[in-house]
**Q** 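Below you'll find the structure I mean.
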Amino acid sequence: MGLLLSMFVTAAAAQEKKYTDHYYERVAQFEAEAPIGQNDIVFLGNSLTEGGRWSEFFAETQARLQKKGGAIRNRGIIGDTAEGIADRLDEITKGKPKKIFLLCGVNDISHDLTLDQIAARLENLVSRIRSESPKTKLYLQSILPFNESFKRYKNLNGKTWMVAELNVMLKQIADKYKVEFLNIYPLFLEEGTARLNPSITSDGLHLNAEGYEIWKSAIEKYVK
């Protein structure tokens, strides 16, 4: 291959790559697994979802699903956005899973999108899930707060206020499509602020074990 052609192929490949290496590694992992089916419960989202040990958190439900050939499936990807989820949604909806727990939005905030742009992308996900897998019970979870004081994620600086505003818009989307809205956002707040409680995070964005325990307790009755 000539030098110019090689440079062209390399540039084209880079141009086609929309997401991180980890995104494509996770998608390849999903494709290598058994397809999602009607007895599965899917946790769909970004790093917060990927970091959850959902099948362990809900071990009794996992055991019950396995008797029917199903399972709790983790479809979280670190750094993912509503656009990234949309690009991989077919793998999930074509299996017509029993339930989907969707949480997404904080990475979209970090990408300098407006509230309306983010809400439109999230609405697209809800609309597609409802139309492509109408019998799936969809739970739209509120975006979780973050804490700028940790100074770890510069692209989130000055944007704390956006989370509460987006959650209002998510509730409206949930009402429009008649899906369950799980407003778990307040459970993660530092008292008297709009920030993520520093005791349940090590970096101002991701949750520690205590944070996941709060999440687990908040949604347990819906998973069952």
Side-chain angles (χ1 to χ4, degrees), residues 18-20 22-23 26-27 42-54 74-89 92 100-126 128-129 138-174 179 181-190 193-216 218-219:
K18 295 170 63 176
Y19 308 116
T20 64
H22 181 72
Y23 176 96
R26 284 284 282 172
V27 169
V42 177
F43 282 80
L44 178 59
N46 51 39
S47 57
L48 292 165
T49 296
E50 182 176 346
R53 301 191 307 276
W54 306 108
N74 189 326
R75 287 297 184 266
I77 297 183
I78 294 171
D80 210 358
T81 61
E83 183 181 19
I85 292 175
D87 282 348
R88 61 187 175 91
L89 191 60
I92 297 167
I100 293 176
F101 288 82
L102 173 63
L103 187 143
C104 178
V106 70
N107 292 318
D108 299 80
I109 292 174
S110 74
H111 289 189
D112 293 327
L113 299 172
T114 67
L115 291 172
D116 286 340
Q117 287 173 323
I118 298 171
R121 294 182 181 196
L122 292 171
E123 180 172 356
N124 174 59
L125 293 179
V126 172
R128 282 188 55 193
I129 293 170
L138 173 61
Y139 294 93
L140 180 60
Q141 300 172 98
S142 55
I143 300 170
L144 303 190
F146 51 86
N147 193 318
E148 293 182 43
S149 70
F150 283 74
K151 303 184 185 303
R152 287 286 299 276
Y153 301 98
K154 294 180 180 179
N155 289 337
L156 291 174
N157 287 347
K159 299 175 182 177
T160 294
W161 64 274
M162 294 182 71
V163 178
E165 294 291 328
L166 275 169
N167 283 333
V168 171
M169 299 170 84
L170 284 182
K171 175 63 166 61
Q172 293 170 346
I173 292 169
V179 304
F181 179 67
L182 304 184
N183 186 25
I184 58 177
Y185 164 80
L187 304 176
F188 297 86
L189 292 173
E190 180 181 17
T193 77
R195 304 184 304 188
L196 178 63
N197 188 335
S199 70
I200 58 175
T201 182
S202 61
D203 63 1
L205 177 61
H206 299 99
L207 302 176
N208 59 23
E210 183 182 350
Y212 277 107
E213 185 61 35
I214 293 170
W215 192 350
K216 170 193 168 183
I219 66 173

**Q** If only atom types and distance count, is the side chain of Arg128 paired as donor or acceptor with the main-chain N or O of Ala86 below 3.5 Å?
**A** yes
**Q** State, yes or no, whether a side-chain contact exists between Arg75 and Arg88 at a heavy-atom distance under 4.5 Å.
**A** yes
**Q** So, does Asp108 use its side chain to make a donor-acceptor pair with the main chain of Ala82 at under 3.5 Å?
**A** yes
**Q** Does the side chain of Tyr153 reach to within under 4.5 Å of the side chain of Val106, using non-hydrogen atoms?
**A** no
**Q** Quick one: pull up CG in Asn183 and CG in Leu170 and give me the separation to the nearest 0.5 Å.
**A** 9.5 Å
**Q** Flag the pair Phe150 / Leu196 as yes when at least one side-chain heavy-atom distance between them is below 4.5 Å, and no otherwise.
**A** no
**Q** Shortest non-hydrogen contact from Leu207 to Trp215?
**A** CD1-CE3, 3.7 Å
**Q** Using every non-hydrogen atom in the two residues, find where Phe181 and Ala174 come nearest and quote the distance to one decimal.
**A** CB-CB, 3.7 Å
**Q** Under a 4.5 Å cut-off applied to non-hydrogen side-chain atoms, are Arg195 and Glu148 in contact?
**A** no
**Q** Between the side chains of His22 and Glu50, is a donor N or O closer than 3.5 angstrom to an acceptor N or O?
**A** yes
**Q** Work out which heavy atom in Ala194 is nearest to a heavy atom in Pro145; give both atom names and the distance.
**A** O-CB, 4.0 Å
**Q** Between Asp80 and Arg26, is the closest basic N to carboxylate O distance under 4.0 Å?
**A** no
**Q** Should the pair Trp54 and Tyr212 be assigned to parallel (<30°), tilted (30 to 60°) or perpendicular (>60°) ring geometry?
**A** perpendicular
**Q** Quick one: does Ser142's side chain have a donor or acceptor within less than 3.5 Å of a partner on Ile184's backbone?
**A** yes
**Q** What is the distance from atom CG of Asp112 to atom CD of Gln117, rounded to the nearest 0.5 Å?
**A** 10.0 Å
**Q** For Asn107 versus Gly79, what's the shortest heavy-atom pair and its separation?
**A** ND2-C, 3.2 Å
**Q** Would you check, one step at a time, whether the test side-chain contact (heavy atoms from CB on, under 4.5 Å) holds for Leu205 with Arg152?
**A** CA-CA 9 Å; Leu205 177 61; Arg152 287 286 299 276; over 6 Å; no
**Q** Enter the distance from Asn208:CG to Ser202:OG here, rounded to the nearest 0.5 Å.
**A** 7.0 Å
**Q** Rounded to the nearest 0.5 Å, how far does CD of Gln141 lie from OG1 of Thr49?
**A** 6.5 Å
**Q** Judged by modelled atom types alone, do Asp116 and Thr114 share a side-chain donor-acceptor pair under 3.5 Å?
**A** no
**Q** Take Tyr19 and Val27 through the side-chain contact (heavy atoms from CB on, under 4.5 Å) test and state the conclusion after the steps.
**A** CA-CA 11 Å; Tyr19 308 116; Val27 169; over 6 Å; no
**Q** How about Thr81 and Leu113: do any of their side-chain heavy atoms sit closer than 4.5 Å?
**A** no
**Q** Indicate yes or no: at least one non-hydrogen side-chain atom of Leu182 is less than 4.5 angstrom from one of Leu103.
**A** no
**Q** For a quick test of reading the model, state the closest non-hydrogen atom pair linking Phe188 to Ile200 and the distance between them.
**A** CD2-CD1, 3.7 Å
**Q** Show the nearest heavy-atom pair for residues Asn46 and Gly105, with the distance to one decimal.
**A** ND2-N, 4.2 Å
**Q** Within the 4.5 Å heavy-atom criterion, are Ile92 and Ile129 side-chain neighbours or not?
**A** no
**Q** Nearest 0.5 Å, please: how far is CE in Met169 from CD1 in Ile173?
**A** 7.0 Å
**Q** Spell out, as yes or no, whether a donor-acceptor pair under 3.5 Å connects the side chain of Tyr185 to the backbone of Asn167.
**A** no
**Q** Could you grab the distance from atom CG of Leu115 to atom CD1 of Ile109, nearest 0.5 Å is fine?
**A** 7.5 Å
**Q** Are Thr160 and Phe146 packed together at the side-chain level, in the sense that at least one heavy-atom pair is separated by less than 4.5 angstrom?
**A** yes
